[in-house]
Number of protein chains: 2
Amino acid sequence: MKVLLIEDEKKAVQSLTKGLKEHQIEVDFALDGTTGTELALKNEYDVIISDIIVPGMNGFDLTQYLRSQGINTPVLLLTALSSTDDKVLGLEAGADDYLTKPYDFKELLARIKALSRRGKDTNAPKSVLVFADIEMNLLAKEIYRGGVKIELTPKEFALMEYFIRNQGKAVSKAEIAEKVWDINFETSSNVVEVYVNYLRNKVDKPFQKKLIHTLFGQGYILKDE
Amino acid sequence: MKVLLIEDEKKAVQSLTKGLKEHQIEVDFALDGTTGTELALKNEYDVIISDIIVPGMNGFDLTQYLRSQGINTPVLLLTALSSTDDKVLGLEAGADDYLTKPYDFKELLARIKALSRRGKDTNAPKSVLVFADIEMNLLAKEIYRGGVKIELTPKEFALMEYFIRNQGKAVSKAEIAEKVWDINFETSSNVVEVYVNYLRNKVDKPFQKKLIHTLFGQGYILKDE
DNA sequence: TCCTCAATGAGCAAAACCTTCATGGTATGT
DNA sequence: ACATACCATGAAGGTTTTGCTCATTGAGGA
């Protein structure tokens, strides 16, 4: 079990780290929100524990940001506040639990364990892929860009899914032909080009930013630039 | 076992309380909806029994309010009304059962026990499925849309049930054939299409909003749009 | 500039879908 | 037991949508 602790009071960090390690819990920590999110994006944690008020970014924004990046690690917020309004705000932002200072260490421990259990339960394969302002719902077979629904045919959808799953990575036409069409790319066909064109018409043309880029002689890449 | 009784007729309260206590059931009571909800929020009951018409708040609103507050205690509504519309409304608001006055005390007792049993088993299979303005009662094999009863044949009912259970999710014809017909989808048959057509005629055609959508090449989806 | 690779538009065949109809089976009521 | 109504299902015809090819135009790199 591994947790990320985001907290600016060094004393609290120290005592918590010590306490958690005694219970076989690995702890990474960050003293401000910015490095906290960086760590959260880079590594995989079972639970993220964050003070509501930390330099650089508060716990609410942090949670919201992580969720938007597809990080669904359970978040436990720590705070001195205890008004109902704040609880609502925190939970709404996607936090999973909430603990008011001063708190009992055992309670904290219990909640961490509960959250990590829940997190693993949610090992359902992701059903929504995200890239830039695109959301692709694999269950409903829907795709939205900037909140606008885009109608794709099954093949177009499959190709787009392949692009999103390989976002930021160059993919050759042979690769695409193999994975999406399941054919040993015969140079005689230009299906891939045709379908990339279809996708561009629907996914890129109506918008400002182009996301599907051609790498001359190498294939294509989905990139936000 | 402990129940909450919300009823403004003191006589009814008295006789019910007496009857229930004789069967080892503890009873709290409220003479109006407002104190009723307060009690419901403060204490834990096995079942809540409420008249539909009580001062301050009616049984429908009460049920809805409690659900919105995360109280999932089973609610049994008592009423002098017996029109279909009211039944539909009550169930929609999340009530779990319904009894029309004058009722047999033994029947009331039986239902209380049934509800309390169900309340404890959190993953008890639901007997009423809801989607958009559709309610499907699996026990009564009845289905209503917007308060209007729809007559379905057994196969149509089974198909509709499958759709509702997978609402918002694309389901392929092969999937449907397997789950609803229990056949290894032979392309030679078009039963699924035929039955989707039947369903549309009864469930969608007479109404404004279409709920059963075709995803070309991917199957069907039940969606509110 | 020239050659190669990529983008685009038109067109067509196949696949998927909707709808209606006929048939046989099952349940219901007399 | 019989007649009747209802239900489940495959078949056929027509319509819509998709997948793909081909030919042509446009762009990139040496």
Side-chain angles (χ1 to χ4, degrees), chain A residues 141-143 149-163 170-207 210-223, chain B residues 141-143 149-163 170-207 210-223:
Chain A
K141 308 274 185 197
E142 282 178 338
I143 178 165
K149 180 163 185 184
I150 298 173
E151 302 287 347
L152 297 184
T153 73
K155 266 278 143 56
E156 289 164 359
F157 194 90
L159 175 58
M160 193 65 210
E161 181 179 342
Y162 189 70
F163 273 135
V171 284
S172 74
K173 283 188 273 194
E175 236 175 289
I176 295 174
E178 177 149 347
K179 302 284 179 162
V180 179
W181 270 263
D182 198 26
I183 53 176
N184 284 354
F185 194 48
E186 320 142 23
T187 39
S188 62
S189 168
N190 71 335
V191 249
V192 176
E193 285 156 32
V194 172
Y195 270 82
V196 167
N197 186 34
Y198 290 163
L199 268 188
R200 279 176 167 151
N201 285 334
K202 295 182 178 180
V203 174
D204 269 352
K205 286 259 171 73
F207 299 89
K210 307 309 173 204
L211 301 176
I212 304 172
H213 304 270
T214 303
L215 297 175
F216 204 90
Q218 314 195 66
Y220 301 94
I221 186 170
L222 192 66
K223 211 170 43 147
Chain B
K141 301 282 180 197
E142 282 178 339
I143 178 166
K149 181 164 185 182
I150 298 173
E151 302 288 346
L152 296 184
T153 73
K155 267 277 143 57
E156 287 165 358
F157 194 89
L159 176 58
M160 193 65 209
E161 180 181 342
Y162 190 69
F163 274 135
V171 285
S172 73
K173 284 189 278 195
E175 236 174 289
I176 295 173
E178 179 152 341
K179 303 284 178 158
V180 179
W181 271 263
D182 197 26
I183 54 176
N184 283 356
F185 194 51
E186 320 143 22
T187 39
S188 61
S189 170
N190 69 337
V191 249
V192 176
E193 285 155 37
V194 172
Y195 269 83
V196 167
N197 186 32
Y198 290 162
L199 227 44
R200 279 178 167 151
N201 286 334
K202 295 182 178 181
V203 173
D204 270 351
K205 288 256 171 75
F207 298 89
K210 306 307 172 207
L211 300 177
I212 304 171
H213 304 269
T214 301
L215 297 176
F216 206 97
Q218 321 209 65
Y220 301 93
I221 186 170
L222 192 67
K223 215 172 41 143

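To find a chain, count down the sequence lines: A is the first, B the second, and so on, and within it residues start at 1. Reckoned from all heavy atoms, side chains included, excluding hydrogens, waters and symmetry mates. Remember, it's a predicted structure, so these values are computed and weren't measured experimentally.
For A/Lys173, no side-chain nitrogen or oxygen approaches OP1 or OP2 of C/dC5 to under 4.0 Å. A close approach under 4.0 Å does not occur between any side-chain nitrogen or oxygen of B/Tyr195 and OP1 or OP2 of D/dT9. Taking only side-chain nitrogens and oxygens, A/Ser189 never comes nearer than 4.0 Å to OP1 or OP2 of D/dC20. Within the structure, every side-chain polar atom (N or O) of A/Lys155 is placed at least 4.0 Å from both OP1 and OP2 of C/dA15. The phosphate of C/dA7 (OP1 or OP2) has no side-chain N or O of A/Asn197 nearer than 4.0 angstrom. The shortest distance between the side-chain N/O atoms of A/Trp181 and the OP1/OP2 oxygens of D/dG19 is not below 4.0 Å. Phosphate contact (OP1/OP2 of C/dA16, side-chain N/O of B/Tyr220, threshold under 4.0 Å): absent. Proximity of B/Thr214 to the phosphate of C/dA16: no side-chain N or O atom is located under 4.0 Å from OP1 or OP2.
Using a 4.0 Å heavy-atom distance criterion, A/Val196 is classed as making no nucleic acid contact. As judged by a 4.0 angstrom heavy-atom cut-off over every strand, A/Leu159 is placed among residues making no nucleic acid contact.
Separating the CZ atom in A/Phe207 from the CZ atom in A/Arg200 is a distance of 15.5 Å, to the nearest 0.5 Å. Here the straight-line distance linking atom NZ of A/Lys223 with atom NZ of A/Lys210 works out to 15.5 Å at 0.5 Å rounding. Of the inter-residue distances, the one linking A/Thr153 atom OG1 with B/Gln218 atom CD reads 8.5 Å to the nearest 0.5 angstrom. Here B/Glu178 contributes atom CD and B/Lys173 contributes atom NZ; the two are 15.5 Å apart, rounded to the nearest 0.5 Å.
Distance CG (B/Leu215) to C1' (D/dT16): 15 Å, rounded to an integer number of Å. Distance A/Asp182 CG to D/dC20 P: 11 Å, rounded to the nearest Å. Between the P atom of C/dC18 and the CD1 atom of B/Ile212 lies a distance of 11 Å, rounded to the nearest Å. In this structure, the CD atom of B/Glu151 is 14 Å from the C1' atom of D/dC7, given to the nearest Å. Atoms NZ (B/Lys202) and P (D/dC6) sit 11 Å apart, rounded to a whole Å. Atom pair A/Glu193:CD and D/dT21:P shows a separation of 12 Å (rounding to whole Å applied). Atom CD of A/Glu156 and atom C1' of D/dT18 are 9 Å apart (whole Å). Per the geometry, CD belonging to A/Gln218 stands 10 Å off P belonging to C/dA6, to the nearest Å.
Computed from C1' positions of five pairs at each end, the angle between the two local axes of the helix from C/dT1-D/dA30 to C/dT30-D/dA1 equals 30°, rounded to 10 degrees.
Between A/Lys205 and A/Phe216, the one whose closest nucleotide on DNA chain C sits nearer the 5' end is A/Phe216.
The side chain to side chain contact (heavy atoms under 4.5 Å, CB included) test with B/Leu199 singles out one residue from B/Leu211, B/Asp204, B/Ile212, and that residue is B/Ile212.
Contact annotation: the side chain of B/Phe163 approaches that of B/Ile176 to within less than 4.5 Å [non-hydrogen atoms, C-beta and beyond]. Annotation: side chain of B/Met160 is in contact with side chain of B/Leu222 (closest heavy-atom distance under 4.5 Å). Between B/Glu193 and B/Tyr220 there is a side-chain heavy-atom pair separated by less than 4.5 Å.
If you check distances only, the side chain of B/Asn190 does reach the base of C/dT19 with a donor-acceptor pair under 3.5 Å. Counting atom types as modelled, A/Tyr198 pairs no side-chain N or O with a base atom of C/dT8 as donor and acceptor under 3.5 Å.
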